[in-house]
Enquirer: 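Have a look at this one.
Hydrogens, waters and symmetry mates are skipped; everything else that's a heavy atom, side chains included, is used. Each ligand, and each atom within it, is numbered from 1 in the order the structure gives.
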Amino acid sequence: MKRIYMDHSATTPVAPEVLAAMLPYFGEKFGNASSLHRSGREAKEALEDSREKVAALLGARAEEIIFTSGGTESDNLALKGIARKNRKLGKHIITTQIEHPAILETCRALEKEGFEVTYLPVTGEGLVELSTLEASIRPDTILISVMHANNEVGTIQPLEEIGRLAAERDIYLHSDAVQSVGKIPVNVDDLGVDLLSLSAHKLYGPKGVGALYIRKGTKLESIIQGGGHERRLRSGTENISGIVGLARAAELAERDMPREAERLAGLRDRLAELVLGKVKDAWINGTMKKRLPGNLNFGFKYVEGESLLLFLDSKGICVSTGSACSSHKLEPSHVLMSLGLKAEECHGSLRITLGMSNTLDEVEYVAESIVEAVERFRGISALGR
Ligand SMILES: *Cc1c(COP(=O)(O)O)cnc(C)c1O
């Protein structure tokens, strides 16, 4: 059976060009970037060349990029690193209720260290309100962390405005941009961020590698001690093959983004139209206005998202309910709950995230399959009609 992959917010396949760029670093170019000999210099050159390429995608300077093991580590380094370094200036951190667990759980850990965290609510569309954010700022606020685009509902936050607010008050601004980098323009100066997390496997790069942008002059503590790699901020022999893969993925994203974003938005809108035109008591979670090009999150009354997912899986279609991270749990998605949905409405949610390989034919097939699945499960449910 042909597999139709529509779960690109969970992870993406490694692009063939990315794999090709990485392969030599598993073979003859195996050097350690810290070694002084020819092999080491070759690795060091690849490392610094990659740093330039990743920086270019963000409008940053190469020396502002630190390579990490992925989005989770970047988020941990940003939050713990800033909080611990700036403890004397204040103990208050502001974030949102709809962040990825990499942020939320890090904040909970920081609370145990004595920091105080405000978890901002969002509107029904999933947007942070500037007035609410402004009202939550205290004299001892040291850090604001707001994700750029949400992994479940694709909502894009007004980071530029938040950036201005944070800058006026001299508060560090971090953004988890794992879902937006490579999909929509992300320029660190336009957004006004001091720190920004990204992950290779969400933009057709390999798993287990990412980066943290750190604006020049920003002081933070390392969370991993060792040989002092990456400007003493992230010790450990650099994952050169992974970093080269991330850099190639960044180049491809820059090249393809405008065209691909428009194509995906077209497919997304078509899928929404096809499904909502045929299924009653169905809606889109989040907003269609400020949304990632490839993201759709349906809500269906009287059906379980899990049942839909398994039915679609039997037809070779890969999608998700809520988010991949919480799909093994039975609790409703914290993101959808924050958007104001009732628990039973969350359970009927289906996230579809389109990417490079998806075509209009696939969208039409998936739409038909969703309609078929909803009708079938409503037919056998007592509440369904
Ligand atoms: C995937 C994801 C992460 C975690 O990135 P990893 O590289 O998988 O650790 C963090 N934040 C968001 C928004 C994500 O989508």
Enquirer: Charged N to carboxylate O under 4.0 angstrom, K91 versus E116?
Expert: yes
Enquirer: May I ask you to identify, for E73, whether its side chain, its backbone, both or neither come under 4.0 Å of ligand 1 on a heavy-atom basis?
Expert: neither
Enquirer: Classify the ring geometry between F377 and F311 as parallel (under 30°), tilted (30 to 60°) or perpendicular (over 60°).
Expert: perpendicular
Enquirer: If I apply the N/O under 3.5 Å rule, does G71 come out as touching ligand 1?
Expert: yes
Enquirer: Below 3.5 angstrom, do we get any N/O pair linking Q179 and ligand 1?
Expert: yes
Enquirer: Thinking salt bridges, do D49 and K44 make one under a 4.0 Å N-O criterion?
Expert: no
Enquirer: Is it true that the side chains of D75 and S197 contain a donor and an acceptor less than 3.5 Å apart?
Expert: yes
Enquirer: Using heavy atoms and a threshold below 4.0 Å, how should the contact between K207 and ligand 1 be classified: side chain, backbone, both, or neither?
Expert: neither
Enquirer: Between H8 and T353, do the side chains contain an N or O donor and an N or O acceptor separated by less than 3.5 Å?
Expert: no
Enquirer: Below 3.5 angstrom, do we get any N/O pair linking D176 and ligand 1?
Expert: yes
Enquirer: Near G70, which atoms of ligand 1 are under 4.0 Å from a heavy atom of that residue?
Expert: 7 (O)
Enquirer: Would you say the rings of F300 and F298 are close, in the sense that their centroids are separated by under 6.0 Å?
Expert: yes
Enquirer: Could you tell me whether E113 and R84 have a side-chain N and a carboxylate O separated by less than 4.0 Å?
Expert: yes
Enquirer: Which of the atoms of ligand 1 are close to H201, meaning less than 4.0 Å from one of its heavy atoms?
Expert: 6 (P), 7 (O), 8 (O)
Enquirer: Which of the atoms in ligand 1, numbered in the order shown and given with their element, are less than 4.0 Å from a heavy-atom of K202?
Expert: 1 (C), 2 (C), 3 (C), 14 (C), 15 (O)
Enquirer: Check whether any N or O atom of S199, backbone or side chain, sits under 3.5 Å from an N or O atom of ligand 1, and answer yes or no.
Expert: yes
Enquirer: Out of all atoms in ligand 1, which are within 4.0 Å of some heavy atom of N151? Include the element for each.
Expert: 13 (C), 15 (O)
Enquirer: Once you restrict to heavy atoms under 4.0 Å, what part of T72 touches ligand 1? Side chain, backbone, both or neither.
Expert: both
Enquirer: Quick one: do the T68 and S74 side chains pair a donor with an acceptor below 3.5 Å?
Expert: yes
